[in-house]
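The block underneath contains the structure these notes are about, expressed in structure tokens.
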Amino acid sequence: MTPTETADFIIIGSGSAGSAMAYRLSEDKKYSVLVLEYGGTDIGPFIQMPAALSYPMNMKRYDWGYLAEPEPTLNNRRLVCPRGKVIGGSSSINGMIYVRGHAEDYAHWEESGASGWSYADVLPYFRRMEHWHEGGHTAGFEDAGFRGVDGPLHVTRGSRQNPLHHAFVNAAKEAGYDATADYNGHQQEGFGPADMTIWKGRRWSAANAYLKPAIKNHGVRLLKGALVDKINFINGRADSVTFQRGGQTITAHAKQEIILAAGAINSPQILQRSGIGPGQVLQQAGVEVIADRPGVGANLQDHLEVYFQVKCLQPVTLNKHVNLFSKGMIGLRWLLNRSGLGASNQFETLGFIRSDKGISYPDIQFHFLPAAIRYDGKVAADGHGFQMHIGPMRSKSRGHVHIRNADITAAPEIRFNYMSHDDDWDEFRRCIRLGREIISMPAMNPFRGDEIQPGNHVISDDAIDDFIREHAESAYHPCGTMRLGQASDPMAVVDPECRVIGVDGLRVADSSIFPRITNGNLNAPSIMVGEKASDFILGKQQLPPVNLTPHISPDWDNRQR
């Protein structure tokens, strides 16, 4: 006899959006909530210590280990696509950088058919979710009203004690760019301190912020080790979820609704195995077609970036700590009192700029790091160095996620089609040239040595293109594979209330529903989606729009829109 479970709401995935929904759907204790998560515990320093961020995303225990298909434009390299396989999902293995996105991102969402998702509509949910600890210290009066101060998600900033942070911002100002006190507030454009999901020296993941309190205080049930196979339908309505756990096949029945929140790679897989997706793909995989929705798995987007690395003339970088003794001492101090270098992700300065005056809002992002090192922990060169992670924000390239067969253990075909649009090359060249210009400013003179990469000789378009082909990496921001839109749009998968078009009782709420990728890292908007979707699911009135006017550059002519 097949074991069964029952709950009012079943949430598939305990990641950024899933954890937020578990908290909100159970908040008044009126409904029972069951969360299904294949991953295990997040206990331990590899996840909880911010400076250890490179470890969990490279560990099979915590990462699904997905590998994208060979990219023809990137010398047929197969780029890794880390996705969290642990409670908290990717919020437990990410870089902890907190970026809401730009107001114009959400204007585009609404214009593309996601009615009710404008900046004024999502801002109250950003405010509801966050507990920002920097108000009154670094933000100006113009940031009043943009930030939340009593939500579950603690948002803080690093100490920025390393002199390279301030030299980099000063160099950007010398190059003609703004400084911004709060890129999540009134003005994203410019360079300034980075927000991070770290609290009291600990990673403040969605699991720590939402899921664990929901389990402890609201009675939410979490089943770890639950590998979801498919969603089952009766007369066009989502009725139950079939999953494997501990060698058993189990069916969980939902009295109210099932919510898919497994992320931009796993959510489309599950929906396709359930019979909803591109008909031809499903038939080739041996899956019965319940609803032919070509948009399921389509519209895959990501941010691509390069590490612009420079030798440092002074011994002030973090490279001096990349040895076993220093790592041990950093870890010991963190274990004893959650302080020191281990208590920061070290990405303490960010920048957002427009690559040209004819662009309405920033299209390039900079992450600055006072070390020259890769995400996998490998040092770029001997001695001291620093780096910028640079990449364009709104690539026109699109890819897909398709199941290969109905086997729940088989990895899907993940094809990003990076750099497949001609405009991508021009945008990426500008990223590198503008980054080089900033580093060349006088403020960096005391620190700037030779380039480690691209290298001082990489000047021409052809040379820069060759560098991109060989060295561009994913920023690990996949999204868009089940996008929001109107029911009349054949490529939309969910309607503006996150309901899967063509069936009843099923919603999707995670980064897969983004119509277009947002400016910056995706954890913050993913949590916002969970917050906003919760009110739709509960039938609550949406929070009133907050009509605050964000910064628009004075040299942008609105008539060009």
Tell me, with the steps shown, if Asp302 and Tyr418 meet side chain to side chain donor-acceptor pair (under 3.5 Å). CA-CA 8 Å; Asp302 190 17; Tyr418 290 121; 2.6 Å; yes
Are [X] and [Y] close enough for a salt bridge, meaning some N to O gap below 4.0 Å?
| X | Y | value |
| --- | --- | --- |
| Arg78 | Glu71 | no |
| Asp535 | Arg128 | yes |
| Arg483 | Asp489 | yes |

Work out which heavy atom in [X] is nearest to a heavy atom in [Y]; give both atom names and the distance.
| X | Y | answer |
| --- | --- | --- |
| Ile501 | Ala487 | CD1-CA, 3.7 Å |
| Ala52 | Pro56 | O-CD, 3.1 Å |
| Ala20 | Glu531 | CB-N, 4.3 Å |
| Gly277 | Val296 | CA-CB, 3.7 Å |
| Leu79 | Ala472 | CD2-O, 4.0 Å |
| Ser19 | Ser14 | OG-O, 2.7 Å |

Should the ring pair [X] and [Y] be called parallel, tilted or perpendicular, given that the plane angle runs from 0 to 90° and is split at 30 and 60?
| X | Y | value |
| --- | --- | --- |
| Tyr106 | Trp109 | perpendicular |
| Tyr23 | His218 | tilted |
| Phe46 | Tyr55 | tilted |
| Trp117 | Phe536 | tilted |
| Tyr183 | Phe352 | tilted |

Worked verdict on Arg157 versus Asp182 for salt bridge (Lys or Arg N to Asp or Glu O under 4.0 Å): CA-CA 11 Å; Arg157 290 177 175 171; Asp182 181 13; 3.6 Å; yes
Checking side-chain polar atoms at under 3.5 Å, does Ser397 have a donor or acceptor matched by the opposite partner on Asp424? yes
Any side-chain donor-acceptor pair under 3.5 Å between Glu257 and Tyr31? no
Chi angles and distances behind the salt bridge (Lys or Arg N to Asp or Glu O under 4.0 Å) call for Arg83, Asp63: CA-CA 5 Å; Arg83 294 289 87 198; Asp63 173 32; over 6 Å; no
Looking at side-chain heavy atoms only, is the closest gap between Ile259 and Phe9 below 4.5 Å? yes
State, with a plain yes or no, whether a side-chain heavy atom of Leu211 is found less than 4.5 Å away from one of Glu37. no
Could you go through the side chain to side chain contact (heavy atoms under 4.5 Å, CB included) check for Val99 and Gln188 one step at a time? CA-CA 9 Å; Val99 184; Gln188 185 190 64; 4.1 Å; yes
Mind running side chain to side chain contact (heavy atoms under 4.5 Å, CB included) on His400 and Val281 for me, showing each step along the way? CA-CA 11 Å; His400 65 251; Val281 171; over 6 Å; no
Separation between CH2 of Trp334 and CZ of Arg202, rounded to the nearest 0.5 Å: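 Here the interatomic distance stands at 8.0 Å.
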Around Leu336, counting heavy atoms of other residues, nucleotides and ligands shown, do more than 12 lie under 6.0 Å from its CG? yes
Taking atom CZ of Phe233 as the centre, does the number of heavy atoms from other residues, nucleotides or ligands within less than 6.0 Å exceed 12? yes
Apply side chain to side chain contact (heavy atoms under 4.5 Å, CB included) to residues Val287 and Gln272 and explain how you reach the verdict. CA-CA 8 Å; Val287 174; Gln272 288 171 12; over 6 Å; no
Should Asp28 and Lys540 be marked as a salt bridge (Lys or Arg N to Asp or Glu O under 4.0 Å) after you check the CA-CA gap, both sets of side-chain angles, and the distance that decides it? CA-CA 13 Å; Asp28 61 7; Lys540 290 185 175 180; 5.5 Å; no
Begin from the C-alpha positions of Asn184 and Trp132 and carry the test side chain to side chain contact (heavy atoms under 4.5 Å, CB included) through to its verdict. CA-CA 10 Å; Asn184 283 313; Trp132 192 51; over 6 Å; no
